[in-house]
Structure formats: C-alpha cells, structure tokens
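Heavy atoms only: backbone and side chains are in, while hydrogens, waters and symmetry mates are out. Chain letters run A, B, ... following the sequence lines, proteins first and then strands; every chain starts at 1.
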Amino acid sequence: MPHELPKAYEPGAIEVRWADYWVREKLFAVPTPPPGETRPVFTLLLPPPNVTGRLHMGHMLNQTQMDIIVRWHRMRGFITLWLPGTDHAGIATQMMVEKQLEKEGKKRRELGREKFIERVWEWKREYGGAILDQMKRLGASVDWDREYFTMDENLSRAVREVFVRLYEQGLVYRGHYIVNWCPWHETAISDLEVKHDEVPGKLWEIRYPVVGTEEFITVATTRPETMLGDTAIAVNAKDERYTHLHGKKVLLPLMKREIPIITDDLAQPEFGTGAVKVTPAHDPNDFQAGKRHNLPEISVMDEHARMNSNAGAYAGLDRFEARKRVLHDLREQGFLVAEKDYTLALGKCDRCGTVVEPRLSEQWFIKIKPLAERAKAAVESGEITIVPENFRQIYLNWMANIYDWCISRQLWWGHRIPAWTCAGCKEVIVAREAPTKCTKCGGTELEQVSDVLDTWFSSGLLPFTTLGWPEKTRDLEVFYPNTLMITGFDILFFWLARMIMFGCHFMQGHEQDPAIKQASGEADKKDDSVPFRHVYIHALVRDAERQKMSKTKGNVIDPLHIIERFGTDATRFTLAAMAAPGTDIAFNESRTEGYRAFANKIWNAARFMFMNVDRVEPGLRPGDGRGVRPYTIEALEDRWILSRFNRVTADVNDALQAYRFHEAANRIYDFFWGEFCDWYLELIKPRLQFEEGSDMSAARMACGNLVNLFDSALRLLHPVMPFITEEIWQAMYEGKAPAKSIALMAYPQADEKQVDLAAETEMAILQDLIVNVRNLRAELKVEPKVKVPIEVFAHEAEIQAMIEQNRGAVERLANAETITFVESSLAKVAGARSTARFDVHVVYERKIDAAAECERLRKELEKLDKGVGTGRRQLDNEQFLAKAPANVVENLRKQQGELAVLKEKILSKMQELGCS
RNA sequence: GGGCGGUUAGCUCAGCUGGUUAGAGCGCCUGCCUUACAAGCAGGAGGUCGCAGGUUCGAGUCCUGCACUGCCCA
C-alpha cells in the first residue's frame with residue numbers, strides 16, 4: 001500500500017474494495033471458543049431481514065448502530081459474534097412468487113402445493129441473497145460463516161421441537177374461534193397484524209319486529225350485511241325499557257328467521273338504543289356472548305369475504321355489494337330507521353390494506369399467559385435491561401394485557417404445522433416426525449395439517465436455535481444469552497417480546513459458562529434463560545420533513561442511492577450523529593454532505609501526514625498500543641492534543657457504553673476537525689520544516705507524534721467510519737501492518753495521567769488571543785497578505801511568559817508581524833480587544849468604524865450584564881451560598897470576577913469611543 | 001377513549017442525572033486559491049428554549065394546566 005493517496009477522496013472504490021476484503025479474509029468469523037476460554041464475549045443477533053427485502057434506511061440505521069457497537073467490542077478484546085441471517089417471511093415471499101407466476105399466467109392453486117414451494121425455493125436461491133449483499137456494502141462485520149435462513153433444516157427441526165413441546169405442555173391448542181381474517185391473503189392473521197384506521201363511516205339503525213306484538217327493537221350496526229347471520233338480540237337485564245320483552249323473539253328481517261331476545265352485558269343501556277344484534281360468527285364480542293347463551297354460529301361469508309349460501313338471496317355477492325343490497329332492501333321494507341355519520345376504527349391488513357373480516361375458523365393458538373409471566377418478570381427484575389427506559393414500560397403494559405396468539409396461517413410457504421389428521425377417526429396427532437399410523441384408531445391414512453406457522457414463531461426462537469438448540473452445544477454455553485439486541489420499536493411486540501417469552505421458557509435451567517459470564521461483566525445476572533441481557537430500541541428514520549417514509553407517499557430515501565453519492569462512511573456517520581436515543585431521525589441529505597466533507601478532511605489530513613513522513617522520515621510507522629504510546633512531548637500543543645485526545649477517548653467510550661451514538665460521533669468530529677486539524681496540524685507545521693543538511697530531530701519528533709496521534713484517532717473513529725479508517729491505516733503501514741485490519745486493533749482507552757488541565761487552559765488562552773487578533777484584523781479590514789504588529793498586555797506574568805514562549809505560533813496563526821508586550825491595559829485603545837486575561841491591540845493606521853464598534857460593545861455588554869446580574873443575585877443570596885455545592889459557588893465567584901474585569905474594560909472603551 | 005413522545009437559530013437537530021454569558025451542521029453575509037484540504041480557510045449576523053403558572057438559592061432541564069403536532073394501543 002503506497003503512501004500516495006489520490007488528491008480527491010473517492011469513497012466508492014475504496015469501500016467496495018475493503019468490503020470485499022473483509023468478507024474474503026473472514027475477518028469476523030468466530031470459531032466456537034473451547035472450554036477454558038476466559039476472554040469476555042459479546043453476542044449480537046442480526047434481526048433477520050426478509051428474504052424479499054431491499055435495504056432501506058431503517059435497516060441501515062439498525063445495522064450501522066449494531067456495527068458500531070460490534071466493532072467497538074471487538075476492538076476492546078471481546079470475542080465478538082454478530083450472527084447474520086434472513087427470514088423466510090411467509091406472506092411476503094409467497095406474494096412475491098405468486099406475482100411472478102401471475103406474469104406467466106399461472107396460479108398458485110393450479111401449480112399445487114409442492115410445485116409452488118419448489119418455485120419459492122428457486123426464487124429464494126435466485127434473489128434471496130440480495131439484501132445480504134447490500135449489507136456487505138455497508139461494511140457490516142458479521143460472521144458470514146454462520147449465516148442462517150429460518151427455513152434451514154436444523155432451524156426447521158427446532159421449530160417442530162418447540163411446537164411439539166408446547167403442545168405436550170398444553171400451551172398449544174386448536175380451536176374454532178373468531179380470528180382476524182384477511183380476505184385478500186385468504187389467511188388468518190394475528191391481532192398485531194391488524195392496523196386500525198379512523199375513517200368516516202355510517203352507523204345504521206335497523207328495527208326488528210318483535211314476534212306476537214306490534215313492537216320493534218332497534219339496533220345499530222356499522223356492518224349491516226352481518227345481520228344475515230344474527231342469532232339473537234341482546235338487551236341488558238337491568239334495562240327497564242326492555243324488561244317486558246325478555247323471553248320473546250324477533251323476526252330477523254330479510255331472512256325471516258325467528259331469533260331470541262337474550263339478556264347479556266354485551267348490551268350497554270347507555271349506548272345507542274341499549275339493544276344490540278348478536279352475530280357470533282362475525283364478531284369477537286358476539287362470539288363470546290354466543291358461547292354464554294349457546295347460540296348457533298352462522299357464517300354468512302366465505303374465505304374471500306363473499307356471501308355464502310347461508311346468506312340466502314345474497315349468496316355470491318361480495319361483502320360490500322351485499323351491504324348495499326341489504327341496506328336497499330331494509331329501506332324498502334321499512335326496517336331501516338336511520339343512517340348516521342360515524343367515525344369507525346377500521347381494521348386493515350397490515351400488509352395489503354384489505355379490510356379485515358372477523359371470521360370463525362379452525363386455528364392453532366398459543367396459551368400465552370404462562371409464557372408472558374416469565375417474560376414480564378425477566379424485565380421487571382432487571383435481568384433484561386431496556387434502553388431507552390420508556391420502552392420498558394410499554395413492554396410491560398403489553399405483556400400484562402396480552403391475548404392468546406393465533407399462530408396458524410393458511411399459507412403454503414413456511415413451517416408446516418407438525419400435526420396430522422387421521423382420515424378414519426379425525427384424530428389430530430402432533431408429532432416431531434410424520435407418524436405412520438393413527439395413535440387412536442391405528443388407521444394409516446394420515447394427512448398433515450395444511451396450515452403453516454406465523455413467521456414470527458420461528459424468528460422468536462432464533463437466539464437459541466441459531467446456536468444449535470435443541471442440542472446442548474458449546475455455542476449455547478458461550479453465546480447464550482446473547483449480550484444485546486438492537487432493534488426498532490416497530491417489532492417490539494412482533495419479535496422482541498416473543499423472543500423473550502420463548503427464551504425464558506425453553507432455556508429454563510440453562511447456564512452460561514461461568515468464566516465467560518464473569519469476564520463479560522454479567523456476573524451479577526441470575527437468570528441465564530433470557531435470550532439477551534440488554535435491549536436497545538432505536539428510533540424511526542423519517543424523511544427530511546419528518547414524514548414517515550412510505551412507498552405510497554413516494555418519499556422513500558434509498559440508502560444505496562445516498563451511499564453512491566456520499567459514501568457509506570458519510571452515510572453511517574450521519575445516522576450515528578443523528579441517533580439520539582428515543583428520538584426519530586429526520587434524514588437530511590445536507591448532513592450527509594457535511595460528513596462527506598468530514599471524510600474528505602480526514603483524507604487530506606492523511607495526505608499531509610504522508611507528505612511529511614515521506615519527506616522527513618520515510619518508512620516511519622506508528623507504534624502499537626492502546627493509546628498514543630511512543631509520543632514525545634516537546635511543545636505546548638503536544639501536551640494539549642494528548643490531553644484532548646484522552647478526554648475525547650473517555651467521552652466516546654462512555655457514550656458508546658450508553659448507546660449515545662450521536663455523542664460519540666460528534667465528539668470525534670469536533671476533535672478531529674476542530675482540534676486536530678484546525679489547531680494541532682497548523683501548530684506543528686513550523687516544526688516539520690528543516691533546512692537541507694541541518695538537524696532534523698525536531699521534525700522527526702513532530703512527525704512521530706503526528707503518526708501516532710493519527711493512528712490513534714483512526715482507531716477511535718473506525719467503528720463509525722470503517723472504510724476510510726481502514727484505507728488510511730493500511731497505507732500508514734505500507735503493507736506491513738501488525739494485523740489484517742484496523743478492525744482487529746485495540747480501541748483507544750483514556751489514560752488519566754495524560755489529561756493535562758494546565759495545557760488545556762494555556763492553549764485556550766492562546767486560541768483566544770489568536771482569534772481576537774484575526775477578529776480585529778477583519779474589523780480593521782487589514783489586507784490578508786499584510787502582517788501587522790500587535791501589542792499584548794497580560795494581567796499575569798505567567799501568562800505573558802506562556803505567550804512569549806509560543807510567540808511564533810501566535811505570529812503565524814494570527815498573521816502578526818511582531819508581538820510587543822506592554823505594561824498597562826490596552827482596554828481603552830482603539831483597535832484593541834479585551835478579555836479577562838489579556839488585552840490585545842492590532843497596530844494599524846486604519847480607523848475602526850466607531851459606530852459598528854459601539855454596536856458590538858453594546859451587545860457584548862448586554863450579554864455580560866445578563867451574566868453579571870444572575871451571578872450577583874445568586875452570590876448575594878444567602879440561601880444559594882448555603883445550599884449550592886462548593887464548587888458551583890467557587891466557579892461562579894471566579895467567573896464573576898472575570899466578568900467584572902471585562903465589563904469595566906468595555907465600559908471604559910465605550911466611554912473612550914463616545915458611544916451614546 | 002387509554003398511553004407515550006415532540007415543540008430550542010431561516011432549516012435539521014444536540015443540550016444525559018437542574019449549576020458558567022444555550023451549542024452544532026446546513027443555509028446566509030464578508031474576506032481569502034495562506035504548497036493537506038475551495039468537499040477548504042478566516043471572520044460575522046441570527047434564539048424572550050410553544051404558552052401560562054408553580055417548585056427551587058438557581059429551570060431549556062423538574063411539576064401542573066393549555067395549545068399545536070406525531071406515534072402506539074383499544
């Protein structure tokens with residue numbers, strides 16, 4: 001790797017090259033650690049993207065955060081396993097292939113189940129890897145050797161094992177219940193997959209004639225077509241308006257069926273007329289009421305939500321067409337009393353938007369309470385921590401109000417339920433492998449249940465199934481519980497909650513290797529059955545206008561497109577820098593553009609470094625170590641930058657520990673650009689100069705420090721910007737790097753002994769002085785090329801000595817000709833500036849603009865007064881002195897002293913200028 | 001209906017457990033191709049922290065109410 005970096009930073013080629021290299025060299029593959037291993041372990045499961053997926057900003061945010069945390073741990077010496085894979089995504093994938101078939105003019109049912117599934121596998125082999133390829137482009141440092149697919153044979157076996165065990169434990173049951181049915185997908189879906197939309201609709205009031213009287217009972221409904229399946233009218237027992245009708249019957253309009261009037265709490269007296277229709281086959285509440293009263297359940301729709309033969313004259317009609325016709329007929333026959341505007345919460349299928357129809361059908365359920373209790377306890381007790389904390393409560397609330405989970409889906413693509421029906425006696429046999437004969441009647445004609453399992457059933461098992469469960473493997477001993485789970489809150493219930501339930505249930509009694517547990521800092525945890533010890537929930541990425549990205553709105557930002565324009569590093573940095581925990585990210589391209597500029601800055605700083613190394617000491621390479629080790633302190637700037645680096649290093653490590661990605665990113669940005677480039681590089685330039693044939697030791701020393709600092713800064717930045725740091729780091733070693741990648745080097749750790757408060761204070765004074773001179777020059781409109789003499793008055797002798805010592809730096813950076821120290825304050829002098837520690841005067845004949853200067857002074861005075869005011873109020877307050885901590889009081893005193901000096905100076909200056 | 005969050009510079013956002021004169025990037029204005037970088041450098045303007053109360057020695061930060069806005073659940 002040569003030192004010559006191209007002048008322009010072009011991320012594209014660099015990133016592709018290193019992404020390939022990392023995969024090819026298997027840098028992040030983690031062999032199973034043998035017994036006796038004592039290093040800490042960090043394990044993270046990639047939330048598996050759908051095989052049908054295309055990388056979107058949500059993935060990219062998620063993966064950026066995971067990769068930062070993972071690289072950080074790896075560099076800190078953890079055995080770091082990041083496990084990748086994809087999800088078979090039942091509905092999504094099946095739809096994808098059905099669409100493909102449609103283009104060929106074929107239908108799924110014509111093809112038949114087996115052929116269709118073969119087609120899906122073909123599709124998967126062909127296109128299923130796309131999203132993982134995109135991940136590689138992001139630099140995700142996962143262990144590709146361990147890649148899984150949720151329908152792999154070993155994972156499928158584990159799914160069957162889980163199902164059978166749950167069945168044997170009485171936690172899976174089958175039953176005829178009302179479920180959410182998507183007529184478009186022709187399958188049951190879980191409560192979670194139904195999204196409720198508030199839409200303007202109608203509430204219709206229908207009157208039913210009471211048999212043997214002249215009376216009517218009026219009920220209200222938003223779905224009048226379901227009346228065809230009514231099997232009762234309910235009134236509340238306490239409702240005196242209807243007491244006289246108890247035990248009577250009504251004649252169901254249109255169907256001419258007699259149905260009973262029942263008393264049930266389903267009818268609330270204060271709501272509407274107090275009477276409700278009861279349709280057990282089409283409404284979950286009515287279903288419950290029907291059970292209480294032994295009512296018949298009359299389904300009037302089929303799986304497409306078309307009216308069936310039970311709907312009499314309406315059979316064959318689509319449900320909405322039937323609604324119109326029912327209403328028309330009711331009106332015509334005088335049964336429709338009213339039609340009112342009404343806002344209803346319409347349940348729609350999360351995936352296709354079709355209005356969900358509650359439907360009575362045979363489904364499989366998980367009895368969830370026993371699982372939820374343990375899952376709830378694991379979080380309550382702190383065995384699993386959730387950040388940000390507010391999601392903890394959301395999780396607990398949900399767990400407390402959970403309902404049984406419908407796990408069967410009427411799809412073909414997925415894990416088929418391991419249950420068989422005997423043709424002879426209709427017995428249902430649940431088994432790990434296909435049984436040969438019926439356990440009840442001995443019949444041999446057995447057919448497997450056609451339903452498959454909800455996709456989230458298998459993904460909920462991944463924390464242990466990917467590690468070899470149900471076998472007792474070494475991988476489980478080492479890597480279970482996973483250390484962390486990073487995911488979006490949108491799958492908090494779908495996935496996270498289920499992993500916790502399954503993990504706590506199936507891994508009961510599991511114990512992690514104690515040495516590893518101890519080394520990993522988890523010794524205080526009591527429960528090793530949890531799927532992971534920590535959860536970090538990240539926010540949503542929105543568009544620049546804070547709108548949720550969606551295909552229909554057309555505001556989806558394609559991360560690959562952004563990457564193409566600005567580079568992966570810049571895009572990653574954007575997401576990291578904007579990811580304050582708990583707040584959504586409004587993705588703003590201008591930020592990414594700014595971070596590309598940051599990468600460019602680093603690039604050019606590297607070019608500067610290489611230029612000097614090649615000139616001063618070819619072949620110079622950084623030493624190794626956790627910090628800046630072979631480092632020689634010669635000048636103030638050396639002490640200063642070392643101190644700053646250590647402080648920043650401490651902050652970055654702390655920030656990452658708390659998932660404060662934005663803080664980590666911003667700290668590095670400010671350090672690298674604002675301190676290292678803007679000041680340090682400028683300050684050492686004179687030291688890098690040398691005359692031909694003269695002593696080069698100063699230049700050598702400066703170069704050595706530069707290289708070591710740069711190396712450390714690269715390591716500090718690497719988790720956030722892996723590509724550019726790898727490129728420059730490799731170049732620094734010219735092919736003789738101590739490791740295959742910077743990713744395998746040590747992460748910088750702060751050394752308190754290298755924090756130098758005095759150096760930081762002195763440097764701040766110098767910077768202040770330089771900035772004031774630049775400022776005055778601008779105000780006096782000194783031509784940029786002209787150097788002018790300056791006069792400095794320092795209040796304290798040490799400060800004057802310090803400035804004297806750094807005279808060269810001031811002269812150069814402030815573009816000053818000479819510095820003259822004077823004995824008395826320059827506060828009143830025109831063309832001078834004052835601070836609490838010094839006054840500085842730029843000696844230049846041009847008059848300053850008095851009016852503008854007055855204006856500036858007035859503003860500064862105003863600000864100052866505000867500070868002086870609040871400060872004095874506090875210092876005059878005995879309560880403050882008594883109650884505030886000593887350091888706060890002391891700091892305030894010090895600050896007030898400085899403010900007073902400054903204010904005095906400004907006032908005298910204003911007087912001098914004759915400001916009004 | 002229940003719950004949770006947001007409201008800080010023209011724009012996009014920081015500001016963790018209350019403690020100096022509230023910060024950054026972008027944009028804007030002025031001046032510079034100063035041999036690492038014009039994707040840059042130097043300087044500058046710009047905010048009564050949504051509104052009204054309260055707690056406190058001290059509030060952008062804590063509490064209450066209100067307004068607007070977003071999300072989740074029913």
Side-chain angles (χ1 to χ4, degrees), chain A residues 5 7-9 191-192 195-196 345 347 388 390-391 393-394 397-398 401 489-490 492-493 539-540 542 544-548 566 570 574 577-578 580-612 654-655 658 660 662-663 665-666 669-670 673-674 677-678 681-682 685 770-771 774-779 781-785 812-815 856 859-860 862-871 873-885 887-889 891-896 898-899 902:
Chain A
L5 299 183
K7 183 166 178 187
Y9 162 66
D191 293 345
L192 280 176
K195 295 292 156 216
H196 295 269
N390 59 313
F391 288 109
Q393 204 50 50
I394 293 174
N397 288 345
W398 188 77
N401 299 304
F489 78 98
D490 50 333
L492 186 69
F493 307 133
L540 212 62
R542 298 166 175 280
E545 274 73 50
R546 292 211 134 273
Q547 298 289 308
K548 214 170 175 172
F566 305 112
T574 309
M578 298 187 77
T583 50
D584 284 350
I585 295 175
F587 192 90
N588 199 316
E589 225 177 82
S590 69
R591 289 287 288 263
T592 314
E593 206 176 337
Y595 294 126
R596 181 187 55 177
F598 177 53
N600 185 56
K601 188 78 184 173
I602 296 168
W603 187 258
N604 280 293
R607 290 180 57 230
F608 174 78
M609 168 180 65
F610 288 142
M611 188 187 89
N612 283 291
D654 286 351
R660 301 178 65 80
H662 69 301
E663 204 170 286
N666 286 325
Y669 179 96
D670 290 340
W673 197 324
C677 289
D678 285 351
L681 293 186
E682 292 306 325
K685 275 180 181 175
I770 290 164
V771 167
R774 285 169 176 171
N775 199 303
L776 280 166
R777 286 180 56 103
E779 230 156 75
K781 300 203 186 335
V782 181
E783 289 79 4
K785 297 235 157 87
R812 222 166 48 79
L813 296 185
N815 209 7
R856 189 187 67 78
K859 270 183 194 163
E860 198 170 332
E862 202 178 299
K863 253 175 136 181
L864 225 49
D865 270 337
K866 205 171 133 193
V868 170
T870 53
R873 258 196 307 285
Q874 290 190 74
L875 287 174
D876 287 350
N877 190 323
E878 280 173 39
Q879 299 266 31
F880 171 73
L881 297 175
K883 289 180 183 173
N887 67 317
V888 171
V889 178
N891 283 343
L892 190 65
R893 282 229 169 84
K894 215 160 94 189
Q895 172 224 344
Q896 284 297 302
E898 291 181 2
L899 289 187
L902 246 183

Colleague: With side chain to side chain contact (heavy atoms under 4.5 Å, CB included) as the criterion, how do Met609(A) and Leu681(A) come out once you've worked through the C-alpha distance, each side chain's angles and the decisive distance to 0.1 Å?
Modeller: CA-CA 9 Å; Met609(A) 168 180 65; Leu681(A) 293 186; over 6 Å; no
Colleague: When you check the phosphate oxygens OP1 and OP2 of G15(B), does a side-chain N or O of His662(A) lie under 4.0 Å from one of them?
Modeller: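 For G15(B), OP1/OP2 do have a side-chain N/O of His662(A) under 4.0 Å.
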Colleague: Could you check Leu492(A) against Trp398(A) for side chain to side chain contact (heavy atoms under 4.5 Å, CB included), going step by step and ending with a plain yes or no?
Modeller: CA-CA 10 Å; Leu492(A) 186 69; Trp398(A) 188 77; over 6 Å; no
Colleague: Report which part of the nucleic acid Lys195(A) touches: base, sugar-phosphate, or nothing (heavy-atom distance under 4.0 Å, all strands).
Modeller: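 Sugar-phosphate only.
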Colleague: Indicate, with a heavy-atom threshold strictly under 4.0 Å, whether Glu862(A) touches base, sugar-phosphate, or nothing.
Modeller: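 Since no nucleic acid heavy atom lies under 4.0 Å of Glu862(A), the category is nothing.
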Colleague: Using modelled atom types and a 3.5 Å cut-off, is there a donor and acceptor pairing between side-chain atoms of Arg777(A) and backbone atoms of Glu783(A)?
Modeller: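 Yes, because the side chain of Arg777(A) sits within donor-acceptor range (under 3.5 Å) of the backbone of Glu783(A).
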Colleague: Mark up nucleotides 21-27 of chain B, 5' to 3', with B wherever a protein heavy atom is under 4.0 angstrom from a base atom, S wherever such an atom reaches only the sugar-phosphate, and - elsewhere.
Modeller: BS--SS-
Colleague: Distances for protein N/O vs nucleotides 44-48 of chain B N/O pairs under 3.5 angstrom?
Modeller:
| residue | atom | partner | partner atom | Å |
| --- | --- | --- | --- | --- |
| G44(B) | OP1 | Asn775(A) | ND2 | 2.6 |
| G46(B) | OP1 | Lys859(A) | NZ | 3.0 |

Colleague: Test your reading of the model: is there a side-chain donor-acceptor pair from Asn600(A) to the backbone of Arg596(A), 3.5 Å cut-off?
Modeller: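 The answer is no, because no donor-acceptor pair under 3.5 Å joins these two groups.
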Colleague: So Phe598(A) and Trp673(A), would you call those rings parallel, tilted or perpendicular, with 30° and 60° as cut-offs?
Modeller: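 Answer is parallel, since the angle falls under 30°.
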Colleague: For the C1' atoms, the ones on C4(B) and on C49(B), what distance do you get once it is rounded to whole angstrom?
Modeller: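 Nearest-Å result for C4(B) against C49(B) at atom C1': 22 Å.
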Colleague: Dot-bracket for RNA chain B: what is it, with Watson-Crick or G-U pairs under 3.5 Å, [ ] where a pair crosses earlier ones, and | for a pair to another strand?
Modeller: (((((((..((((.....[...)))).(((((.......))))).....(((((..]....)))))))))))).
Colleague: Taking only the P atom of each, what is the distance from C11(B) to G50(B) in whole angstrom?
Modeller: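 To the nearest whole Å, 14 Å.
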Colleague: Between Arg774(A) (side chain only) and Leu813(A) (backbone N and O only), is there a donor and an acceptor less than 3.5 Å apart?
Modeller: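 Yes; at least one donor-acceptor contact below 3.5 Å.
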Colleague: Let me spell it out: for each of Leu881(A) and Arg660(A), pick the nucleotide of RNA chain B with the closest heavy atom. Which residue's pick is nearer the 5' end?
Modeller: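 Nearer the 5' end of the strand: Arg660(A).
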Colleague: Write down the atom of Gln896(A), the atom of Val868(A), and the distance for their closest heavy-atom approach.
Modeller: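 Looking at all heavy atoms of both residues, the shortest contact is OE1-O, 3.5 Å.
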